[in-house]
2 protein chains.
Amino acid sequence: MNAPALTKNQTLVFEVLEKADGPLSAYTILDKLRDHGFRAPLQVYRALEKLLEYGVVHRLESINAFVACAHPEQNCHSHGIVAFAICESCGHVMEFHDHEVDHRLMDWTRGKKFKAEKTTIEIRGLCEACAA
Amino acid sequence: MNAPALTKNQTLVFEVLEKADGPLSAYTILDKLRDHGFRAPLQVYRALEKLLEYGVVHRLESINAFVACAHPEQNCHSHGIVAFAICESCGHVMEFHDHEVDHRLMDWTRGKKFKAEKTTIEIRGLCEACAA
DNA sequence: TCGCACACGTTATAGCATAACGCAATTGAT
DNA sequence: ATCAATTGCGTTATGCTATAACGTGTGCGA
């Protein structure tokens, strides 16, 4: 899925996520956009839905939050499974890809004839700075 | 963490999850236990917290639900990272472990000096029966 | 110009999770 | 034995996350 031009709301939501130094909840995004006319959660969720579809934003399932893709210029969906390391202290998120992991998981799904649609890999813990 | 004897509430919650043929939300568990005196979500959440700690129940982050461990007799925490394949059609969950995946992720975290506490791997899609 | 698709706005509601209080039972050290 | 600490439990209230359902406006191709 390639990203067409973003609409006004989509652009606003994306910019908020890009400027943030960590993942944001939908309601936090809403609060940051009240000055721009946002009034209801659905305005955020609808924009997020598209941004996720376009692959420029990721959802962190384990913390119910959203983060801008680390390399939105490329199509993130083509990089295989995206994995995240989330620091529970400072909130920073590192995004990475590991083809060997993808391969192992695909081997498993193939063996089970399981049709994978979306795979989540999230490592929660402490980043180097916070663990010190 | 080894499991001590379960309390009454913990036992009730665990039995509900064991008998279920798929993951259950906390509120679904609550409804199933109203006849046994459960009245409030906290009763469920508190039991779940312990069961998760003991490793006999898993939380599925991507669907906000809970499932009994596939092999509660052993200590699941000692098996490395637990991965799940969740059928979005029939709701069935398959639990598995892949040491090579663990190894790759541990390599990554070691390289980044990231101290992993809890890792989530969840594959959503269609099981063999539902994909047909 | 009609119909369709899509983005948007609004209100209401559903679903998930925890804070804060107090009580009862258990345990274990003195 | 008794006191203090811990743990489980029950209840009320609240907060956070997400979506249903309705209607409006706009652009665009048949």
Side-chain angles (χ1 to χ4, degrees), chain A residues 1-17 20 22-54 56-67 86 88 91 118 120 122 124, chain B residues 1-17 20 22-54 56-67 86 88 91 118 120 122 124:
Chain A
M1 170 69 65
N2 228 341
L6 300 183
T7 68
K8 180 164 163 293
N9 284 5
Q10 288 160 19
T11 303
L12 287 168
V13 169
F14 183 62
E15 284 174 359
V16 165
L17 283 174
L24 300 178
S25 77
Y27 280 74
T28 302
I29 296 170
L30 173 58
D31 286 339
K32 287 179 182 293
L33 288 174
R34 290 203 188 274
D35 294 344
H36 291 73
F38 275 51
R39 313 296 312 272
L42 258 194
Q43 295 174 280
V44 176
Y45 281 109
R46 287 204 274 233
L48 285 171
E49 186 180 16
K50 289 299 178 183
L51 295 171
L52 290 168
E53 189 180 317
Y54 302 154
V56 297
V57 161
H58 301 292
R59 178 196 180 88
L60 301 176
E61 311 274 7
S62 64
I63 59 173
N64 295 316
F66 303 85
V67 69
I86 306 166
E88 298 188 298
K118 173 94 172 58
T120 297
E122 296 177 17
R124 293 187 300 301
Chain B
M1 171 68 66
N2 229 342
L6 299 183
T7 67
K8 181 163 162 292
N9 283 5
Q10 288 161 17
T11 303
L12 287 167
V13 168
F14 183 63
E15 284 174 359
V16 165
L17 283 173
L24 301 178
S25 77
Y27 279 73
T28 303
I29 296 170
L30 174 58
D31 286 339
K32 287 179 182 292
L33 287 175
R34 289 203 187 273
D35 293 344
H36 295 265
F38 275 50
R39 313 296 310 274
L42 259 194
Q43 295 175 280
V44 177
Y45 282 108
R46 288 206 271 231
L48 286 171
E49 185 180 15
K50 288 299 181 183
L51 296 170
L52 291 167
E53 188 180 319
Y54 302 154
V56 296
V57 161
H58 299 293
R59 176 193 180 89
L60 302 176
E61 311 274 7
S62 64
I63 58 172
N64 295 316
F66 303 85
V67 69
I86 306 166
E88 297 188 296
K118 173 93 171 61
T120 298
E122 296 178 16
R124 293 188 300 301

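The model shown is predicted, which means the values in this text are computed figures rather than measured ones. Sequence lines set the chain letters: A, B, ... in the order given, protein chains first and strands last, and positions in each chain run from 1. Because only heavy atoms are used, hydrogens play no part in the values below, and waters and symmetry mates are left out as well, while side chains stay in.
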Selected nucleotide, minimal atom distance to [X] side chain, candidates [options]:
X: A:T7; options: C:dT18, D:dC9, C:dC8; value: C:dC8
X: B:L42; options: D:dC9, D:dT12, D:dA21; value: D:dT12
X: B:Y45; options: C:dC8, D:dA18, C:dA17; value: C:dA17

* Can a salt bridge be assigned to the pair A:K50 and A:E53 using a cut-off of 4.0 Å between side-chain N and carboxylate O? -> yes
* Structure fact -> Result for 5'-nearest mapping on DNA chain C, choosing between B:R59 and A:Q10, is A:Q10
* Which sits closer to the 5' end of DNA chain C, A:K50 or A:A40, going by the nucleotide each is nearest to? -> A:K50
With the side chain counted from C-beta on, respond yes when [X] and [Y] share a heavy-atom pair under 4.5 Å apart, and no when they do not.
X: B:N9; Y: B:F38; result: yes
X: B:F66; Y: B:V13; result: no
X: A:E61; Y: B:R124; result: yes

Any [X] side-chain N or O less than 4.0 Å from OP1/OP2 of [N]:
X: A:K8; N: C:dC8; answer: no
X: B:S25; N: C:dC16; answer: yes
X: B:Q43; N: D:dC9; answer: no
X: A:N64; N: D:dC16; answer: no

* Asked: Any N or O donor-acceptor pair linking the side chain of A:Y27 to the base of D:dA18 at under 3.5 Å?
  -> yes
* Asked: Heavy atoms under 4.0 Å, any strand shown: does B:R39 hit a base, just sugar-phosphate, or nothing?
  -> sugar-phosphate
* **Nearest-angstrom distance from the residue atom CG of A:L33 to P of C:dC8** => 12 Å
